[in-house]
J.: 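Please find one structure pasted underneath; my questions will follow.
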Amino acid sequence: MNRAVVEVTVLATLFVACVGLWWRARGDRLTSDGGYVERDALLDEIERLQQEALRWLTTTNHREIGLLYIAFGTVAGLWGGVDAMMLRTELLTPAADIWTPETYNALFTTHGLTMLIFFVAPVFFGIGNYVLPLMIDADDMAFPRVNAIGFWLLPPALLLARAGLFFQVAGQGLTLFVDPDSIPFILTVREVAVGWTLYAPLSIQSPNPQVDLLLVGLHLSGVATTVGAINFIATVAFERGEGVTWANLDIFSWNMLVTSGIALFAFPLLGSALVMLLMDRNFATTFFAVEGGGPILWQHLFWFWGHPEVYILFLPATGLMSLILPKFVGRSLFGFRAVVYSTLGLSVLSFGVWAHHMFATGIDPRLKASFMAVSIAIAVPSAIKVFNWLTTMWDGDVRLTAPMILCVGGIGTFIIGGVTGVFLAVIPIDILYHGTYYVVGHFHLIVVGIIPFLMIAASYYWYPLITGRWYDRRLARFQSVLLVFGSTVTFMTLLVIGGLGLPRRQAIYPAEYQLAQQIATVGAYVVGLSALLWLYNMLVSYWQGARVETTDPWDLKRTNQFTNEWQWFERRLVDRYDMDPYEPDPDEVRPAFDAEAASASSLTAGAVGSTWRTVVENASVAAAGGVVGTVLMAGGLGTAALVGVFDPIALTELAELVGLPGTPLVGALLFLVGGAVTWPLLFLAFAEYLPGRLLFETGLVFATIISSGFLIAFYTGQTGLAFVGYVAFVLVAHWAYGVGLAVTFRYLQAKRRERHDHAGTEA
């Protein structure tokens with residue numbers, strides 16, 4: 001198949017569908033006189049669109065530039081997403097019978113570069129541009145015109161970087177009318193297939209002129225990112241409103257500040273390296289040639305930018321997590337200072353771990369050992385963030401909105417991606433798995449498992465503030481679940497087949513991996529479908545969504561989390577639409593956590609009732625909690641089995657104990673059934689006799705107690721480091737079980753209380 005034609009057709013279809021949605025949504029709207037827009041008004045509409053286009057092209061308003069960033073990043077994300085779908089389509093079969101191996105190489109090269117350079121950073125810069133000045137009570141960004149220039153450098157950068165696709169389509173079209181020998185340059189240019197890391201000497205020796213255009217495009221994007229970073233730093237440092245100090249600066253602004261600081265050091269170095277590579281290609285210099293600096297020098301320079309770049313992409317997502325999560329559990333962020341310090345720690349350490357990407361090269365073993373130590377150490381500040389998020393949810397009043405689903409899903413995938421990354425920091429394990437899908441699974445569980453999750457969570461959370469309308473909230477919850485499910489299926493599968501040794505970056509693979517590759521591809525299609533559902537919801541709701549009718553759409557005043565940007569939104573509604581500020585019932589307002597109320601609402605108080613209705617309700621609650629806890633636990637034990645510290649063969653004894661065939665599969669199924677049924681019921685029956693002031697504490701105590709039985713029952717003779725790993729994984733898996741159990745119980749209890757209150761009101 002012709003890759004260029006297929007990709008351009010898909011992108012054109014997406015564009016036409018978006019325009020069609022826009023036209024239909026606008027065409028059906030009511031006008032102020034109660035009639036509908038007529039065809040005679042088309043010219044007026046076109047004139048209005050021209051004026052709008054001129055305004056958007058020349059704007060320096062931070063909110064409008066923020067929307068431009070988000071729109072640009074969304075287009076780039078869809079483009080890179082199409083690359084990913086085409087990649088996964090090729091991997092449906094073991095042979096390269098859909099695309100050629102060269103096309104496959106081009107697809108993963110452009111997918112990586114587009115997503116990392118043109119999708120993630122622009123979207124986060126867009127979110128920052130829109131909300132950061134509102135959150136710090138600033139009038140605008142520090143340098144509005146520089147802000148606009150920074151954005152308008154990006155579209156030409158993307159077009160230069162992806163120009164090969166257009167040259168390829170143009171060349172194929174022109175050959176229908178002109179002699180191919182008369183257009184040799186156009187027919188030579190095609191998408192780059194040297195890998196997104198652009199390793200020398202392959203990138204120097206490639207005769208494809210698109211490599212030069214790509215390098216220029218990347219350099220331009222680096223200039224844009226540096227300009228944007230300077231603007232964020234200056235804005236936070238000098239434009240804060242009265243009363244906004246460093247001590248009470250919100251967590252998202254802290255993360256954008258630190259992210260900008262990293263970008264300020266990382267991107268100029270990348271720009272220098274790109275210029276050197278361009279000179280090697282075109283002026284016969286030898287910066288990265290064997291007779292000069294050597295190919296390893298390129299890897300050093302590239303990864304000195306490349307690893308901090310991971311945190312440039314990751315930290316804004318953690319900032320959004322730390323900001324949004326507390327809103328939907330009714331508690332303030334636990335350990336605010338620890339989260340800020342962990343962010344600062346990550347920013348420093350991110351520059352000290354670049355060489356762990358080069359363990360498979362021939363660098364000095366002593367250097368490798370030092371980088372291994374720092375790479376393991378960087379897990380500590382990351383873990384601090386996770387523990388603070390979990391503790392923030394501790395006994396919170398969880399509201400299962402779309403942003404909350406994405407936050408919880410993001411924490412889960414990040415834990416798996418983070419833990420599997422610690423193993424890659426160890427030299428022997430990295431050498432073993434460096435060229436396999438294990439790395440792909442680990443990396444994508446972080447960059448897909450938390451970054452797009454929080455981008456979409458932020459879009460849902462601030463959608464009322466930006467548009468004054470609501471999106472389809474039921475569709476949003478469905479889309480969120482779909483995204484979490486698809487990501488987990490795809491990247492966990494890649495983690496497993498990578499653990500089994502399947503090499504990455506190859507279009508052709510052994511036939512025994514076909515089923516696993518097909519499962520991963522189906523998961524990727526689910527992710528793609530969820531992205532389209534999100535886009536549909538955002539576009540259609542902009543014109544047809546229900547209007548926001550309160551100044552506090554998320555009921556944040558009730559928990560004293562009505563932050564600066566929402567106060568701006570309230571003032572706007574009051575000034576423009578004469579709305580009355582929303583004021584919650586004073587009896588319901590609480591600062592963060594009410595221990596007395598929590599104690600009174602304990603699920604286990606009187607949980608085992610005397611009537612059949614209570615028994616059925618408790619059994620269903622136990623089953624739901626058990627399923628959630630068991631799924632979380634299975635992730636931990638599965639990872640332990642994958643790394644070889646837990647032997648699933650031990651489960652056969654469980655099957656034999658009840659007289660069933662002694663196989664690990666039967667044993668595992670019995671274990672899962674017990675985890676979903678027996679242990680939750682025991683927890684319900686005895687929780688009130690266990691220590692712990694809160695249900696979370698009780699759940700952890702319960703999980704710790706039953707983990708001792710598991711440790712003894714399924715021990716298979718591990719010694720040394722393997723035994724330590726076995727104990728650690730069993731404990732963590734059981735704690736995940738206890739947390740899952742307690743969170744589900746708390747949520748179902750809240751829903752039950754709401755139903756009873758609603759029934760009482762109706763009565």
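Heavy-atom basis, side chains included; hydrogens, waters and symmetry copies ignored. Here, residue 1 is the first one in the sequence, and each next residue gets the next number. This one's a predicted model, so the numbers in the text were calculated from it and none came from an experiment.
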J.: With distance as the sole test, does Tyr509 use its side chain to make a donor-acceptor pair with the main-chain N or O of Leu91 at under 3.5 Å?
T.: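 Pair found, side chain donor or acceptor close to backbone of Leu91.
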J.: Has the side chain of Thr467 got a donor or acceptor atom that lies under 3.5 Å from a matching backbone atom of Pro464?
T.: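 No, Thr467 side chain to Pro464 backbone: no donor-acceptor pair under 3.5 Å.
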J.: Between His444 (side chain) and Val440 (backbone), is there a donor-acceptor pair under 3.5 Å?
T.: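 Yes, the answer is positive, given that a donor and an acceptor are paired below the 3.5 Å cut-off.
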J.: Taking the six-membered ring where the residue is Trp, are the ring centres of Tyr471 and Tyr460 under 6.0 Å apart?
T.: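 Yes.
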J.: Main chain of Gly449, side chain of Thr413: is a donor-acceptor contact present, judged purely on distance under 3.5 Å?
T.: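 Present.
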J.: Give me the ring orientation class for Tyr69 and Phe151: parallel if the planes are under 30° apart, tilted from 30 to 60°, perpendicular past 60°.
T.: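 Ring orientation, 0 to 90° scale: perpendicular.
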J.: Answer yes if the ring centres of Phe745 and Phe683 are under 6.0 angstrom apart, and no otherwise.
T.: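 Phe745 vs Phe683: aromatic centres under 6.0 Å.
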J.: Give a yes or no answer on whether the side chain of Thr490 reaches the backbone of Ser487 with a donor-acceptor pair at less than 3.5 Å.
T.: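 Checked: no pair found.
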J.: Between Trp462 and Phe569, does the ring centroid distance fall short of 6.0 Å?
T.: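 Ring-ring flag for Trp462/Phe569: false, centres at least 6.0 Å apart.
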J.: Do Trp79 and Phe119 make the cut of ring centroids closer than 6.0 angstrom?
T.: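 No - the distance between ring centres of Trp79 and Phe119 does not fall below the 6.0 Å cut-off.
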J.: Counting the benzene-type ring for Trp, do Phe414 and Phe314 have ring centres under 6.0 Å apart?
T.: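 Yes, close enough.
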J.: So, the side chain of His111 versus the backbone of Asp83: is there a donor-acceptor pair under 3.5 Å, distance only?
T.: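 Not confirmed, His111 side chain does not pair with Asp83 backbone.
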J.: Could I get the full list of ring pair (Phe, Tyr, Trp, His ring centres under 6.0 Å) partners for Phe334, not counting sequence neighbours?
T.: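 Expected list: none.
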J.: With heavy-atom distances below 4.5 Å as the criterion, would you say the side chains of Tyr438 and Leu502 are in contact?
T.: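 The answer is no, as the side chains (C-beta and beyond) never meet within the 4.5 Å cut-off.
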J.: Between Arg469 and Glu549, is there a salt bridge with N-O shorter than 4.0 Å?
T.: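 No salt bridge links Glu549 with Arg469.
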J.: Looking at Leu92, is its backbone amide N or carbonyl O close enough to the side chain of Gln514 to form a donor-acceptor pair, meaning the two atoms are under 3.5 Å apart?
T.: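 Flag set: sc Gln514 to bb Leu92 pair under 3.5 Å.
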J.: Is it true that a side-chain atom of Thr521 and a backbone atom of Arg88 form a donor plus acceptor pair closer than 3.5 Å?
T.: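 Present.
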J.: Run the side-chain donor-acceptor check on residues 526-539: report pairs under 3.5 Å with partners two or more places apart or on a different chain.
T.:
residue, atom, partner, partner atom, Å
Ser530, OG, Val527, O, 2.7
Trp534, NE1, Ser459, OG, 3.0
Asn537, OD1, Asp472, N, 3.0
Asn537, OD1, Ser541, OG, 2.9
Asn537, ND2, Asp472, O, 3.1

J.: Within a 6.0 Å radius of atom CZ on Phe478, are there more than 12 heavy atoms belonging to other residues, nucleotides or ligands?
T.: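 It does not: Phe478 CZ has 12 such atoms or fewer within range.
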J.: Side chains of Glu7 and Val10: does their closest heavy-atom pair fall under 4.5 Å?
T.: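 Contact flag for Glu7/Val10 side chains = no.
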J.: So does Trp554 get a backbone contact from the side chain of Arg399, meaning a donor-acceptor N/O pair under 3.5 Å?
T.: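 Looks like yes, one N/O pair under 3.5 Å.
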J.: Hey, is the main chain of Met86 close enough, under 3.5 Å, to the side chain of Trp99 for a donor-acceptor pair?
T.: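 Between the backbone of Met86 and the side chain of Trp99 there is a qualifying donor-acceptor contact (under 3.5 Å).
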J.: With sequence neighbours left out, write down each residue that passes ring pair (Phe, Tyr, Trp, His ring centres under 6.0 Å) with Phe125, or none if nothing qualifies.
T.: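 Here the qualifying residues are Phe232.
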